[in-house]
Peer 1: 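Sharing a structure here in structure tokens format.
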Amino acid sequence: MKKFTLCLAVCFLFSLGCKQVSPIVKHGQHYQKHNDYISLNKVVELMELDRDTSYVKAILGEGIDMGFDYRYLVDSVGPKGCSIGAVFHINSEGKIDQKWIDEICE
């Protein structure tokens, strides 16, 4: 697992130096810089299910680790006054099996 994470990190860093940056990396970088809804929503849309959690972290940075999901918040709140964010649910194998972006009222 450590080798895979290291390899993923090296590939991610290498992709930053290339002229052609994939759309998900581009939107992930923008989210990390601005914590905005539009780029986070685009990452949720582009993120394939069954991805390892290390991939999510490579794209979006460190999220809020709830143990059963990772959460990434934006810079605003919804109509109920709760934070808006993306949730990436983690299955028993450590892979993303559900994803959504919405108001998180818990």
Side-chain angles (χ1 to χ4, degrees):
M1 184 66 175
K2 279 188 172 186
K3 286 183 180 180
F4 175 76
T5 304
L6 179 60
C7 180
L8 184 61
V10 169
C11 290
F12 178 73
L13 291 174
F14 178 76
S15 71
L16 294 178
C18 297
K19 283 185 176 182
Q20 230 19 25
V21 177
S22 72
I24 194 167
V25 169
K26 182 180 91 172
H27 292 293
Q29 290 171 343
H30 193 272
Y31 167 76
Q32 288 188 55
K33 199 175 212 181
H34 302 285
N35 285 20
D36 63 306
Y37 178 87
I38 293 172
S39 58
L40 182 59
N41 186 51
K42 201 65 177 161
V43 169
V44 171
E45 181 184 306
L46 294 170
M47 182 75 63
E48 296 175 6
L49 293 178
D50 209 35
R51 286 295 204 160
D52 190 88
T53 54
S54 61
Y55 180 75
V56 177
K57 288 188 221 176
I59 298 297
L60 291 171
E62 287 295 323
I64 301 168
D65 184 353
M66 301 295 288
F68 52 88
D69 64 31
Y70 279 100
R71 298 177 182 194
Y72 294 87
L73 303 179
V74 298
D75 57 359
S76 57
V77 296
K80 297 176 189 171
C82 303
S83 297
I84 295 175
V87 177
F88 295 92
H89 185 264
I90 306 163
N91 68 16
S92 60
E93 297 172 1
K95 308 251 181 183
I96 303 303
D97 65 353
Q98 295 177 32
K99 59 184 177 150
W100 64 89
I101 186 167
D102 203 352
E103 197 168 8
I104 303 171
C105 296
E106 293 183 341

Peer 1: Could you pull out the closest heavy-atom pair between Gln98 and Ile96, with the gap in Å?
Peer 2: O-CG2, 3.5 Å
Peer 1: Where is the tightest heavy-atom contact between Asp50 and Lys95, given as atom of each residue plus distance?
Peer 2: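 Taking Asp50 first and Lys95 second, the nearest heavy atoms are O-CD, 3.3 Å.
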Peer 1: Checking Lys99 side chain against Val44 main chain: does a donor-acceptor pair fall under 3.5 Å?
Peer 2: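 Here the side-chain-to-backbone pair exists.
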Peer 1: Within the supplied structure, the quantity of interest is the number of heavy atoms (other residues, nucleotides, ligands) at a distance under 6.0 Å from Ile64 CD1; does it exceed 12?
Peer 2: yes
Peer 1: Look up atom CD1 in Ile90 and atom CZ in Arg51, then write down how far apart they are to the nearest 0.5 Å.
Peer 2: 15.5 Å
Peer 1: Would you say the side chain of Tyr70 lies within less than 4.5 Å of the side chain of Lys57, judging by non-hydrogen atoms?
Peer 2: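 When only atoms from C-beta onward are counted, Tyr70 and Lys57 do touch, with a gap below 4.5 Å.
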Peer 1: Tell me, please, which residues at least two apart from Glu62 pass salt bridge (Lys or Arg N to Asp or Glu O under 4.0 Å).
Peer 2: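 If we apply the salt bridge (Lys or Arg N to Asp or Glu O under 4.0 Å) test to Glu62, skipping adjacent residues, there are no hits.
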Peer 1: Rounded to the nearest 0.5 Å, how far apart are CG of Asp65 and CZ of Phe88?
Peer 2: 13.5 Å
Peer 1: Give the minimum heavy-atom separation between Gln32 and Leu60, together with the two atoms involved.
Peer 2: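 Smallest heavy-atom distance, with atoms named: CG-O, 3.3 Å.
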Peer 1: Within the side chain of Glu103, is there an N or O that forms a donor-acceptor pair under 3.5 Å with the backbone of Gly81?
Peer 2: yes
Peer 1: Calculate, to the nearest 0.5 Å, the distance between atoms CG and CD1 belonging to Leu40 and Ile59 respectively.
Peer 2: 12.5 Å
Peer 1: When rounded to the nearest 0.5 angstrom, what is the spacing between OG in Ser39 and CD1 in Ile24?
Peer 2: 11.5 Å
Peer 1: With sequence neighbours excluded, what pairs up with Asn41 under the side chain to side chain contact (heavy atoms under 4.5 Å, CB included) test?
Peer 2: Tyr37, Ile101
Peer 1: Got a donor-acceptor contact below 3.5 angstrom from the Tyr72 side chain to the Gly61 backbone?
Peer 2: yes
Peer 1: So, using side chain to side chain donor-acceptor pair (under 3.5 Å) as the criterion, who are the partners of Lys42 when residues are at least two apart?
Peer 2: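 With neighbours one apart ignored, the set is Glu45.
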Peer 1: What closest approach, in Å, do Ser54 and Asp52 show between heavy atoms, and which atom pair accounts for it?
Peer 2: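 Closest pair (atom of Ser54, atom of Asp52, distance): OG-OD2, 2.7 Å.
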